Amino acid sequence: FGEGFSNAIAESMSCGTICAVTDVGDSAKIVGDLGFVAPPKDPEKLAIAIKNAIEFGEKTPYIKEKLRALVADRFSVGAMLERTILAIEKLF
């Protein structure tokens with residue numbers, strides 16, 4: 001079925017790893033356009049996503065820095081604090 005925000009995906013990306021995920025919870029949102037997403041319960045498409053992630057990583061040496069930056073920009077404590085404050089301000 002799924003989970004909300006998968007820390008394992010964000011941690012992996014912050015280490016510079018391209019992720020192949022299933023489209024459950026926030027997984028697709030976490031990887032954004034820097035990862036590969038397969039539908040849930042479809043092992044063949046997940047295998048293709050994993051293969052694509054491996055091949056893309058081998059051909060794209062600069063991707064590690066982009067992955068780290070994406071996680072820092074979107075999911076750092078500061079970024080999440082800023083979004084929380086904006087959401088609270090919209091209530092008033």
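Everything quoted here is computed from the prediction, not taken from an experiment.
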Shortest non-hydrogen pair, Phe56 vs Thr60, comes out as O-OG1, 2.7 Å
Roughly how far, to the nearest 0.5 Å, is the CZ atom of Arg68 from the CD1 atom of Ile63? 11.0 Å
Side-chain (Thr17) to main-chain (Met13) donor-acceptor, under 3.5 angstrom: no
Using the side chain to side chain contact (heavy atoms under 4.5 Å, CB included) rule, pick out the option among Val31, Ile50, Leu46 that qualifies with Val21. Val31
Can you tell me how far apart OG (Ser6) and CD1 (Ile30) are? Round to the nearest 0.5 Å. 5.5 Å
Quick one: do Leu70 and Phe5 end up in the same hydrophobic cluster if we chain Ile, Leu, Val, Met, Phe, Trp and Tyr together by side-chain heavy atoms under 4.5 Å apart? yes
Distance from Glu11 atom CD to Phe75 atom CZ, nearest 0.5 Å? 12.5 Å
Look up atom CG in Asp42 and atom CG in Asp23, then write down how far apart they are to the nearest 0.5 Å. 11.5 Å
When rounded to the nearest 0.5 angstrom, what is the spacing between OG in Ser12 and CD1 in Ile18? 10.0 Å
Could you tell me which non-hydrogen atom of Glu65 sits nearest to which non-hydrogen atom of Pro61, and how far apart they are? OE1-O, 3.9 Å
Less than 4.5 Å apart, side chain to side chain, heavy atoms only: is that true for Ile9 and Ser27? yes
Are more than 12 heavy atoms from other residues, nucleotides or ligands located less than 6.0 Å from atom CD of Glu82? no
Considering all heavy atoms, the nearest Pro40-Val24 contact: CB-CG1, 3.8 Å
Measure from the side-chain N and O atoms of Arg74 to the backbone N and O of Ala69, and report whether any donor-acceptor pair falls under 3.5 Å. no
Are any non-hydrogen side-chain atoms of Ile48 and Phe36 less than 4.5 angstrom apart? no
